[in-house]
Amino acid sequence: MTAKTSTRSRDVLGTSALRPDGVAKVTGEFSFSSDMRAENMLWGATLRSPHPYARITSIDTTKALLIAGVHAIITAEDVPGKLTYGLISSDQPVFAKDVVRYMGEPIAAVAADHPETCRRALAAIVVEYEVMTPLVDAELAILPTTPPIHPDGNLIRHQRIIHGDSNATAEIIVEGNYTIGMQDQAFLGLEAAMAFPDPGAQGVELHIATQWLHEDRGQIAACLNLPENNVRLVLGGVGGAFGAREDISLQVHCCLLALRTGRPIKMQYSREESFFGHVHRHPATVWMRHHANRSGKIVKIEARMVFDGGAYTSTSPAVLINGITHTQGPYQCDNAVVDGYAVRTNNPPCGAMRGFGVVQACFAHEGQMDKIAEACGISPVEVRLVNAMHTGDKIITGQTMESVAPVERCIRETDAIPLPPPMPDLVDALELPGGSGLTAERKNIVRGIGWGVSMKNLMYSEGFDDYATARCTLSNGVASLKFATSEVGQGFVTLAPQIARSVLGVDQVVQEVSDTQIGSAGSTSASRQTWMSGGAVDGACRLVRERMFEHIGKLHNIDPIRLLIDGTDVVDSIGDFRISVVDATEGVTFSETFEHHHRKTEDLDENGQGNCHVAFAFVAHRAVVDVDCDLGLVKVVQIATAQDVGKVLNPLSALGQLEGGIAQGLGLAVMEEIVLENGKVRNPSFTDYLLPTALDAPTVVAVMIEEPEPQAPLGAKGIGEPPCISVTPAIVAAIRAATGKALLRVPVRPQDICL
Amino acid sequence: MTTDHQMYTLNINGAERPVKDSWIGESLLYVLRERLDLPGSKGACEQGECGSCTVLLDGDAVCSCLVMAATAVDSTITTVEGLLADTVIGDTARVISDVQAAFVTEGAVQCGFCTPGLIVAVHHLLEHNPSPSDIEVKEAISGNICRCTGYGRIFAAVNAVIETRKKSK
Amino acid sequence: MTVTVATNLADALAALRATPDARLLQGGTDTMVEINFNHFKPEHIVALRKVQELRNFSIQEEKGLIFIGSGVPYQTLENDPFLTLLPALAQASRTVGSPQIRAAGSLGGNLGTCSPAGDGLPVLSALDATVHLQSVDASRDVLIHDFMVGVKKNARKPDEIITGVTVPILRGFQGYSKVGVRNAMVISVASACLAVDTSRSQIRLALGAVGPTIIRCRESEQWLATQVDIANSNFSNEIAKEFGRRAALEARPIDDHRSTAEYRKHAISVLAERLLLKANS
C-alpha cells in the first residue's frame, strides 16, 4: 500500500470531511488484501474437519504431495513454536492434532501454484477420524458431570454479581427466558493475506486484513518461534470487520507456508470457508426476573446468562463480563443478583462481534422493561424514563457512572421524532412485508411500534491497558501521521487528518502505512479508535504544535504560551504577529510520538464488584414495523434513534455508523442466524445466511445528542456499537405489539409469529 | 469450440483482451481479476448473492462470477474500470464518473468492498431509468449487499446523481 | 474441457450431438455456482446465451398461445406483454433472485435444473404449459407435468435442447405468491400460483418448494369445482379458507435449514386462500 495524501482544504474536526480512500474505492483501485499479487507467489489453502467432534487417528499427505504443483503441506507437526493461540487464553490449535472440536477446524495447509491445485491437494490428503458425539448444549457443558471436551474442562468462566440487597423484592415481578441465535459478522471482503518470507527464513512480513496488527503479531511470532521483531505486519485493505478479524484465522498458516517454501504465499477464504474460519456472535440464553414497584421503578434484577463460546475460548471471558455487567441496561438498579457462564462446546467458536455481549443482555432487559410497563399499565416510554440512569448513579458492579449519561434525553428526543405516515391505501407491493413475493395485500398488514434503549461500555475492561500510539511529523507545512490503527471501513483515515488539521493548522496531511513499525494502536473494536487512536493522534499533534510554538517563539522572541493556531496561521494572542504554518515550518521538522492510555480499570471481585469499565455510551431506538401476522413476514418501516455521541467529529461518517449498525441489528432481529444441527453449520453461504438488502432497509431518522464527554480526548464517545444493540429489541417489541406474540428469541422467524 | 489453454479474446472496456493458457471453465470474475489485471470487480460469494462482482455484459448488469468467461466472447463487457469519467471530484484534479463522485461525497463508501459492484449497478439503473422512484432504486440495487452502510447514504448518493443529471439537462 | 459458444440452434444441437454428456449453459446462474464451488467439473459445455432462436417469443393470438424461447431472460418476462397476458409469470419472474440474476436467468434454466424452488415452474404448471424439446433429428412436445419428474430431474434426453414453452393465454385472474424470509433476493420457502381459466371453468393451483417437485393441487381444484361456479368466480371467505386448508394437505414439504414443514404447509394454506380471494376482484 502506498501513502495516502489528503489535500482538501480545511477539513477540520466537525466537518463532513470526505474519505481519503474514497476515490480509490469507487474506482476499484483500492487494494484490498484479496487484491494483492506478488512475483513468484504460491497459493495457500486449508484442510478443515467435516466433523464437529472426532479423534484424528491418522493424517496421510503422501498422495497429495505427489501432485504436480504442490510445494508444501503442513500439519501440527510442522509448527515450530507454540502449538496454540488465542486472544485471552491460548487454547486454539494452529492445526488440530489428535482431536477436532468443531466443524471446520484446520488440520493441514497446502501451498501450490494455483488455487485449483490447492483444491486437488486438499482432496488428496487422507485423514481418518473416529467420530465422537459432539457436546452442543451449553447448559450441559456447565455441568461438572459432563465429559470435558478440553483437558481443563468445558467451563470458560463463571462470574456472579451480587449488589445491594439480595432479598429485596417488590409488588411487580416479571420474568422471561430469552434466546439469542448465532449471528455472523459477514463482512464482504473475505479473509485474505500475503506472507513474504525473509531470506533464510529468519523472519516474515505479513500483509493482512486484521483489526489489531500488534496482537496478531504476538500470537503469530509465538507460533512461529520467532522474535516479535522478525515478524512484521502490514495492514492490507480491509473489507469490513465487525469483530470477526480480531482472532487469528489464516495468519499463522500463511506465514508457516511462506517460511517453508521460501516464496510469497497468498491465502484467501471463500465465503463458505469464511463461515468456518472466523468466530461468530455468541448464542446465549438469558433468564431475567425484574422486581419493580407499582410506578414501574426497578427494585431488583435477577439474571442468569449462559454464553456458548463454541470450541475455543477466544474472547468469551470478556463477552461474558460485558453481558452480565450490562444486565440492568441504561436504568437505575440498586439490587442485583446475576449469574453468568461462558462455556466451550463443539459448536463453532464464538468471539467478538459488534455489541460484544451487550447485544444479548439488551435483548433480554428490553423485553423485561416492556413487561414491567405492561404490568404497571404505563407506556414503554414512561417505564424507561422512570428508570433512566444518570451520571453519578452507581451501577450493579458498584462502579459510579462517571460518563455523561443522557439517557432521558435519548428517549425523549427519539420520542419526538415524527412517526412515519400511515400506510397509504395504494401501496407498492415492494413496500409490504414479503416484498415482490406479493404475499400480502394492505389489509393483511398490522403495524407495530416498539422501543429499545441501551448502554454500552467503551474500550477494554477489567484492568486491560489497551493504549494507542501515534506519531506526528510536521515539516514544510505538511503533517505526516503514523499509527498502527486498522482502518476497516469505519473512517479513522478520515478522522485522523481532521484532527491534525484542527490542531496544527495544516491543510496537507499524509497518512503513512499502518504497520507494526510503531507501537500498538490496540484493536479496531469496542467502539474505541476515535477515543484511543484519536487521542493518540491528537496528543502527538499537540506535542508537535508545542515544538513549533517553541521554535517560532525563539525565532521571533515571543513567549510560546502566547501563540495560537488560527486557521492555517500561527498568531500571537496578544500581539500582531502572524505567520502561516507552512512558512513557520519551512526547512524544519518536528516529530513526536504519543501514547494515549485510558484511565485504569480493575478486575471484578468474586461478587462482581469493581470499577471494571472505562466509560459508557447510550442510545434509544424506536422501531415501526409492518407485519403480515398470518405469514409471519416483517417489514421494518422506520427506525428513529437518538444517540449519545459526546461530540460529532464528522457528521457524515457518524450517520454512516448509525445507519450501518441499525441494519446489522435489524438482521439479527428478523433474518440472520447461523443454523446449527448437532454442531454442523447448515447454511454457510449467502444463499441461506440472509443479510438485509436495500429493500429491507428501513427509513432511519437519527438525532445525535452532543454532550461532550470530559474523559474523552476529543469529547467524542465511540459510536460504532450502540446502533446495533438496542435496535434489535426495538424491532422485536414492535413485532410483539403488532402480533401479541411473546417472541423471546432472535432472530424472529416467520413460524414464531404465525404458528 | 474452445478447449483448455486455448486462447480466446474478450472485449472489455473497449479493448480486445486475449486470455491465454486458462482453464476454460473459469468465471469471468476470476479471469478479470487473476488474468487480466482488472481487480476492481470484487468476489464475496461466488454465487450471485452479493453483487460485488457486477459488470455490464452486452449492456445488462450481471454477476461476473456467474458468467463463464469463455462464453463471453463476442460480447461487450464493461467493468468498474471502464465507466465514463466526466466528473471532477472535490478540489482534486481527478476525473471519475458522476456516480462514483456522488458515492464519495454522500458518504456511501465505508469499507468499500461492495462499492464497485454498486457503482456499476447504479450506472445501469440510471441509464435505463433516469428518474427512478425510491422503491425502484431499492429494487435495482437489491442484489448488491452492503454490510457497512445500511444503504442510507447509498440512496442519498443515487438521489444526488439523479438531481444533478436533471439539472444539467 | 471444451466450451462451444453456439450462435444458432442448429450449431448448438450439432455440438450437443457430438458431446452428449455436455452441460447446456444458459444464464449460468445454477451451473456456475456448481463450478465455482468445485461441486461439478464439466467435460463439455454448450453455451446457449448467443442462440437468438431461444431468446425470441411470439404471441399467437388466434390460438390464444404464447411461445417463449427458453433463453428469454426473466427481466423480459417481468414486463409487458407478459405483465398483461401472463401476469402470474411476470410476477414470478420479478421474484427471481436479484436484477443481476434476472438479466441472466431464464425459464430454460429453471426447467433444466428443475428445482422445486424454481420460481417459474409453478406458473408453467398452473397454466398447463407445453415444453418443446429438440434434437438434431427430432422434436417433441411434453406437457409440463410430464416434464418435471423428480427433485432436479426432468424428461430431457441428453441430446435434446429445451427450445421453449408454449403457454395458453387465459381469461380470468392469475397470480403468483412466494414466501421468503427477506424482502428481496430470496429463495422460495413456499410458493403458489393460482390461475382461473374461465373458458374451461377451471381453477388451477400449483405449489413450489413444498415437495420433491412442483405440486399441482388436483384434489383441491376438483373440490373447488364442486363448491362454486368458477365462471362467476365469487368465493366466500369460508370457501377460500377451506381451499387453503385442502391445498396445504396436498403439499409435501420437509424440514430444512430454510424453514419447517409445518410452516411451509401453513404458508401454503394462507397463500392459496389469499390468491383465491384475489380472484374475486
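Below, chains carry the letters A, B, ... as their sequence lines are ordered, and counting in each starts from 1. Remember, predicted model here, so these are calculated numbers, not experimental data.
Here A:C754 contributes atom SG and C:Y263 contributes atom OH; the two are 5.0 Å apart, rounded to the nearest 0.5 Å. Taking CG of A:L755 as the reference point, atom CD of C:E262 lies at 5.0 Å (rounded to 0.5 Å). To the nearest 0.5 Å, atoms CZ (C:R182) and NZ (A:K635) are separated by 13.0 Å. Distance check, rounded to the nearest 0.5 Å: OG of A:S436 to CD of C:Q91 gives 10.5 Å. If you take CD on A:E272 and CG on C:N36, they are separated by 12.5 Å, rounding to the nearest 0.5 Å.
Remark: C:K41 engages A:E116 in a salt bridge, criterion side-chain N to carboxylate O under 4.0 Å.
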**OP:** List the steps and the verdict of side chain to side chain contact (heavy atoms under 4.5 Å, CB included) for A:T687 and C:I187.
**Re:** CA-CA 7 Å; A:T687 302; C:I187 285 193; 3.1 Å; yes

**OP:** Decide side chain to side chain contact (heavy atoms under 4.5 Å, CB included) for C:H257 and A:D688; before the verdict, give the C-alpha distance in whole Å, the side-chain angles of both, and the deciding distance to 0.1 Å.
**Re:** CA-CA 8 Å; C:H257 54 275; A:D688 288 316; 3.0 Å; yes

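Contacts of A:A123 with chain C are absent, with no heavy-atom separation under 4.5 Å from either backbone or side chain. With a threshold of 4.5 angstrom between heavy atoms, A:E441 approaches chain C through side-chain atoms but not through N, CA, C or O. Interface remark: C:R94 contributes backbone and side-chain atoms alike to the contact with chain A (heavy atom separation under 4.5 Å). Only the side chain of A:L633 comes within less than 4.5 Å of a heavy atom in chain C; its backbone stays farther off. For A:L631, the parts lying near chain C are the backbone and the side chain together; criterion is any non-hydrogen pair under 4.5 Å. There is no contact between A:S270 and chain C, counting heavy-atom distances below 4.5 Å. Within the 4.5 angstrom heavy-atom criterion, no atom of C:V189 approaches chain A.
A pairwise comparison of heavy atoms in A:L438 and C:S177 identifies O-OG, 3.0 Å as the closest pair.
Of all the listed residues (A:V675, A:D630, A:L430, A:L432), the one sharing the greatest number of non-hydrogen pairs under 4.5 Å with chain C is A:D630. By number of non-hydrogen pairs under 4.5 angstrom with chain C, the leading residue of A:P750, A:G434, A:G435 is A:P750. With respect to chain A, the highest number of heavy-atom pairs below 4.5 Å among C:S98, C:A184, C:A92 belongs to C:A184.
The environment of C:R23 atom CZ is dense: over 12 non-hydrogen atoms of other residues, nucleotides or ligands sit within 6.0 angstrom. Applying the 6.0 Å contact sphere to CZ of A:R442 captures more than 12 heavy atoms from other residues, nucleotides or ligands. For NZ of C:K278, the number of neighbouring non-hydrogen atoms (other residues, nucleotides, ligands) closer than 6.0 Å is greater than 12.
Annotation: side chain of A:T439 is not in contact with side chain of C:V270 (no heavy-atom distance under 4.5 Å). At least one side-chain heavy atom of C:R274 sits under 4.5 Å from a side-chain heavy atom of A:D628. Annotation: side chain of A:L690 is not in contact with side chain of C:R258 (no heavy-atom distance under 4.5 Å).
A donor-acceptor distance shorter than 3.5 angstrom exists from the side chain of A:D696 to the backbone of C:N183, with no hydrogens or angles considered.
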